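Everything on this sheet refers to the single structure shown next.
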Amino acid sequence: MTEERTFATTVLQPLVKQKELSILIATIAVAIYFSATTHGFNSSDNYLTIVHYLAPWAIVAAGEVMLLICGEIDLSTGFMFTLSPFILMSFYNGGTPLILAIVLALVISAAIGFLNGFVTTRFGIASFIVTLGSSFLLEGISLLMSNGAPVAAPSSGAVVSIFGKAHWAEPLWVLGIVIVMQILLSATRFGVSTQATGGNPVGAAEAGIRVNLVKIVNFSVASTLAGLGGIIDGLRLGSFDPTNGGPNTMFLAVASAVIGGTALLGGRGTVVGALLGAVLLGIVFDGFALAGVNANTFDVVLGIAIVIAMLLNVYLGYLRKRVSRT
């Protein structure tokens, strides 16, 4: 019995307490598999391709995680991803300097998130319904502003390079956003309030946490990050496309968060876990492309991955409790 306790204390307990353990193991296993079975997987160019796959999902997921943890969801982030570049271009074409146009586009993105959060909390309407409605609204505005056609993005200058055009700009933005958001979640009072709001909203309110304000701020953060992601991705590609983003980006961001261990019912999750979830999806997407597998198969794998991730997270939760008792 003593040896069992020693093993549990020194080996099992530290491992199972790592919330991202299951997704990290799965990501490493998938990377090893494609390294061994596909040609050209292990190259710097291909690694950059994988990052370009996952960057939009990871950036949007960093905001969605905060909302999911506090018990809400924003279905409109994919369309905010689409719309913000056209808001930027409306200012830029009017003579506004590019950096100021970016700031104004992000301010408007934050304001739209604020409205989603305000309507959700003030009128007690489910965020699923509120943001479903705003999704169609933002999509329509994007199509009107773009006339349904791609628009050429600014292509030169330091601001363009910093916000996506430089070779490794997009990966650096992803890492920076994930680090900042993870610190915000795990090392600040606001992060603690976010987790308390999702874990036990009644108890959080009784403890003096302004639950509705926490939710509204997180709606604004999620919408701002989605807008920033759309700008970065569009500047990298050199074009703003009204068909880019939308539900596909939003669902892949939510999938990344869920696969990374974020609870859909609130109270638990990490931004780092969402990044690992996005990395896993990016590796699978890229590996399938290199192997010549039909792209439609990716959706099948994505569905299976979400279910397996949920089962692993439930099992690890049970294992954490068992090891702690031991």
Side-chain angles (χ1 to χ4, degrees), residues 20 23-24 26-63 78 81-82 84-85 102 150 152-182 225-241 243-246 248-250 252-253 255-257 259-260 271-295 297-298 301-302 305:
E20 300 84 9
I23 183 62
L24 178 60
T27 302
I28 293 172
V30 171
I32 292 173
Y33 171 77
F34 283 119
S35 296
T37 59
T38 59
H39 176 71
F41 183 86
N42 290 316
S43 67
S44 59
D45 287 341
N46 190 60
Y47 294 152
L48 188 59
T49 298
I50 293 173
V51 172
H52 289 159
Y53 275 135
L54 66 90
W57 319 331
I59 293 174
V60 176
F81 182 99
T82 306
S84 63
I102 292 174
S155 58
S156 62
V159 175
V160 174
S161 296
I162 292 171
F163 280 87
K165 197 67 174 179
H167 197 55
W168 285 93
E170 194 171 37
L172 291 175
W173 272 105
V174 171
L175 288 176
I177 289 169
V178 168
I179 290 170
V180 170
M181 294 304 297
Q182 183 60 55
L225 288 178
L228 178 59
I231 291 169
I232 292 171
D233 197 55
L235 288 175
R236 176 184 67 82
L237 294 171
S239 173
F240 298 134
D241 193 332
T243 63
N244 193 24
N248 189 55
T249 296
M250 184 275 298
L252 284 169
S256 298
I259 291 172
V271 183
V272 172
L275 174 61
L276 289 173
V279 171
L280 175 61
L281 295 180
I283 290 173
V284 172
F285 199 98
D286 179 72
F288 279 5
L290 292 175
V293 178
N294 190 313
T297 309
F298 178 73
V301 174
L302 177 60

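None of the values given here were measured: they were computed from a predicted structure. Just so you know, these numbers use all the heavy atoms, side chains as well, and skip hydrogens, waters and symmetry mates.
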### Task
Using the side chain to side chain donor-acceptor pair (under 3.5 Å) rule, take Ser35 and Asn42 through it: C-alpha gap first, then chi angles, then the decisive distance, then the call.
CA-CA 6 Å; Ser35 296; Asn42 290 316; 3.3 Å; yes
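- Scanning both residues, Ile59 and Gly229, for their nearest heavy atoms gives CG2-CA, 3.9 Å.
- For the pair Trp57 (side chain) and Gly282 (backbone), a donor-acceptor distance under 3.5 Å is absent.
- Looking only at distances, no side-chain donor or acceptor of Ser256 sits under 3.5 Å from a matching main-chain atom of Ala61.
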### Query
Given Phe240 and Thr82, is the side-chain contact (heavy atoms from CB on, under 4.5 Å) satisfied, shown in steps?
CA-CA 8 Å; Phe240 298 134; Thr82 306; over 6 Å; no
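- For the side-chain contact (heavy atoms from CB on, under 4.5 Å) with Leu280, the lone residue among Val30, Leu24, Leu54 that qualifies is Val30.
- Interatomic distance, NE2 of His167 versus OG of Ser161, reported as 13.0 Å (0.5 Å rounding).
- Looking at every heavy atom in both residues, Ser84 comes nearest to Gly230 through OG-CA, 4.4 Å.
- No donor-acceptor pair closer than 3.5 Å links the side chain of Thr249 to the backbone N or O of Gly246.
- A donor and an acceptor atom, one from each side chain of Thr243 and Asp241, are located under 3.5 Å apart.
- A heavy-atom distance below 4.5 Å is found between the side chains of Thr27 and Ile283.
- The shortest heavy-atom contact between Ala289 and Tyr53 is CB-OH, 4.2 Å.
- Atom CG of Asp286 is separated from atom CZ of Phe34 by 8.5 Å, given to the nearest 0.5 angstrom.
- In this structure, the side chain of Glu170 does not engage the main chain of Gly164 through any donor-acceptor pair within 3.5 Å.
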### Query
Under the side-chain contact (heavy atoms from CB on, under 4.5 Å) criterion, do Tyr33 and Val284 qualify, and how do the steps go?
CA-CA 10 Å; Tyr33 171 77; Val284 172; over 6 Å; no
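- The two residues Gly78 and Phe81 come nearest to each other via the heavy atoms O-CB, 3.2 Å.
- When all heavy atoms of Leu48 and Pro171 are compared, the pair lying nearest together is CD1-CG, 3.9 Å.
- In this structure, the side chains of Ser155 and Val160 stay at 4.5 Å or more apart for every pair of heavy atoms.
- Ile177 is listed as a side-chain neighbour of Leu228, based on a closest heavy-atom distance under 4.5 Å.
- Each of Ile231, Ile232, Leu237, Asp233 was checked for a side-chain contact (heavy atoms from CB on, under 4.5 Å) with Leu235, and the lone residue meeting it is Ile231.
- When atom types are taken as modelled, the side chain of Ser43 and the backbone of Asn46 share a donor-acceptor pair closer than 3.5 angstrom.
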### Task
Show the numbers, then the answer: is there a side-chain contact (heavy atoms from CB on, under 4.5 Å) between Gln182 and Leu275?
CA-CA 10 Å; Gln182 183 60 55; Leu275 174 61; over 6 Å; no
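- Here the closest non-hydrogen pair linking Ile259 and Leu281 is CD1-CD2, 3.8 Å.
- Atoms OG1 and CZ, on Thr38 and Phe288 in that order, are 11.0 Å from each other to the nearest 0.5 Å.
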